[in-house]
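Proteins get letters first, then strands, A, B, ... in listed order; numbering begins at 1 in each.
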Protein chains: 2
Amino acid sequence: MGTRAQLEVKRIMDRLASAIVEHRLPPGTRLTEAKLVEVLGANRNHVRSALQKLASEYKVVTIFPNRGACVAQPTIKEARDVFAARIVIERAVVELAIDNLTAKNRNRLLKQLEKETGAIKCGERQEMIRESGNFHRVLAQIAGNEVLDELLAGLITRTSLIIALYQETPNVQCSIEEHQALVDAILAKDCDRARYLMDEHMKTIQRYLLLDERSGDVDLQAVLEES
Amino acid sequence: MGTRAQLEVKRIMDRLASAIVEHRLPPGTRLTEAKLVEVLGANRNHVRSALQKLASEYKVVTIFPNRGACVAQPTIKEARDVFAARIVIERAVVELAIDNLTAKNRNRLLKQLEKETGAIKCGERQEMIRESGNFHRVLAQIAGNEVLDELLAGLITRTSLIIALYQETPNVQCSIEEHQALVDAILAKDCDRARYLMDEHMKTIQRYLLLDERSGDVDLQAVLEES
DNA sequence: TATCAATAAATTGCTAACAATTTTGGATTG
DNA sequence: CAATCCAAAATTGTTAGCAATTTATTGATA
């Protein structure tokens, strides 16, 4: 792909991913190519490869052969696996971040916290969601392992979709207090405590989710009632 | 993508990935579309998307805009990050696998070990490489977390490429003795020991690699001398 | 009214031809 | 002889248009 088209595909991916992650496109929403072409002012080929990538790389889109694309509806099993995997990586990230604490990195962390509190004060829901995800990205970047960072980025995206699908009380995100406590522990280089807080933080998020066995599969019912 | 073309792309990806992982296509090898079309008897469009995916998902191919694709040459930094990430996931996998030990799973592990010893006896280098990677996949599947399994699959692939690029003494793979010891610890549900052995196992592999700082970037020199 | 079949419309899938870019291999010149 | 330039070849990038499939509509029938 030539660099121009590549950027265009990335642009489309970003637009779609943001919309999904920020819960403006609910799970199950049909994503017809023609409509996306119209709305995004894009070439259909570019739209197609963006959808393909969102499906195969990020798994926030599902493509039904000959029937088009939808915002994905991860199963409960998948949701749990994503959380479990995420905890594994987040724990490692916390440890590495503590090892890598420079003055510059301390600053980045504090600035990120400011952004988050700012977003909460403004009451901009989308920005709150975005920044609360960015907090975890910043940690991963401080950790300095690009592979872990990229893996985590994917899992954060998927987590956001899972929250949109399975959260009982809407609008609950990462609590800023927990991020604050985590930062305190990290800045104090208290590895055990930081790891513990990260575990609890993830558990808190999961606690607000409806991930009971039930049918054990997709929540077809809930979606059908909705539409 | 319709299911037919999708399968074809997957076929091409598998062929290429196997060749790279089994060190038949050394790092840096140019992958011209026309040649691949000829050799694989495939459509150029299919070849192109296979290359794109191998580049963006698995990172075992690098695409230079307007200049085609090569087998990737990960930097030393990337190699280290892949190993570090892999250890993080492998540790988690070992723990989960122990939690999930059914009779069926015990059997799978033992069968996998047999396959590996079989491959060693036959002296088939490619099969040895393949099966020694499969060992880790089997563990991940026993662990039962599909997300971790998929992440690990990617990292195993990348590890194999890294070994091809940075191993000083050729042909050193995972040692079967270490796999055997690991299985013993897992079957005994000795989590601490299993985790420890996995750590050591990864370190052993890394020990045979030339991942010193040197220029800190690509090993242009080594490659130029080679070709 | 419900069911089914036939047809039309909408949507996705595929490819062949064309465009753009880079590389190659002289030919020319100082 | 090295450097520069230019055209041809090779290679990759792009797209428009058609093919195939699915979905919606219509209308006939019981």
Next item on the list: Return yes if a side-chain donor-acceptor contact under 3.5 Å exists between B:Ser132 and B:Glu116, otherwise no.
Entry: no
Check: Between the side chains of B:Gln141 and B:Arg108, is a donor N or O closer than 3.5 angstrom to an acceptor N or O?
Finding: yes
Separation of [X] atom [atom1] from [N] atom [atom2], in whole Å?
{"X": "B:Asn45", "N": "C:dA16", "atom1": "CG", "atom2": "P", "answer": "8 Å"}
{"X": "A:Phe64", "N": "C:dG13", "atom1": "CZ", "atom2": "P", "answer": "12 Å"}
{"X": "A:Arg44", "N": "C:dT11", "atom1": "CZ", "atom2": "C1'", "answer": "8 Å"}
{"X": "A:Glu8", "N": "D:dT14", "atom1": "CD", "atom2": "P", "answer": "11 Å"}
{"X": "A:Ile63", "N": "C:dG13", "atom1": "CD1", "atom2": "C1'", "answer": "12 Å"}
{"X": "B:Glu38", "N": "D:dT11", "atom1": "CD", "atom2": "P", "answer": "11 Å"}

Next item on the list: Only counting residues at least two apart or in another chain, list the ones meeting ring-ring contact (aromatic ring centres under 6.0 Å, His included) with A:Phe135.
Entry: A:His179
Note to self: So, using salt bridge (Lys or Arg N to Asp or Glu O under 4.0 Å) as the criterion, who are the partners of A:Lys203 when residues are at least two apart?
What the structure shows: A:Glu200
Check: With sequence neighbours left out, what residues match B:Arg11 under salt bridge (Lys or Arg N to Asp or Glu O under 4.0 Å)?
Finding: B:Glu8
Check: What residues form a side-chain contact (heavy atoms from CB on, under 4.5 Å) with B:Asn43, not counting sequence neighbours?
Finding: B:Asn45, B:His46
Checklist line | With A:Ala19 via side-chain contact (heavy atoms from CB on, under 4.5 Å) - residues at least two apart | finding: A:Arg24, A:Leu25
Between [options], which one does the side chain of [X] approach most closely?
{"X": "A:Ala5", "options": "D:dT14, C:dG13, D:dT12", "value": "D:dT14"}
{"X": "B:Asn43", "options": "C:dT15, D:dT14, C:dC14", "value": "C:dT15"}
{"X": "A:Arg48", "options": "D:dT14, C:dC14, D:dT12", "value": "C:dC14"}
{"X": "B:Thr32", "options": "C:dT12, D:dT11, C:dA17", "value": "D:dT11"}

Check: For B:His46 and C:dT15, is the shortest distance between a side-chain N/O and OP1 or OP2 below 4.0 Å?
Finding: yes
Tabulate protein N/O versus nucleotide N/O from nucleotides 20-23 of chain C, keeping only pairs under 3.5 Å, one per line.
unit_1: C:dT23; atom_1: OP1; unit_2: B:Arg67; atom_2: NH1; d: 2.8

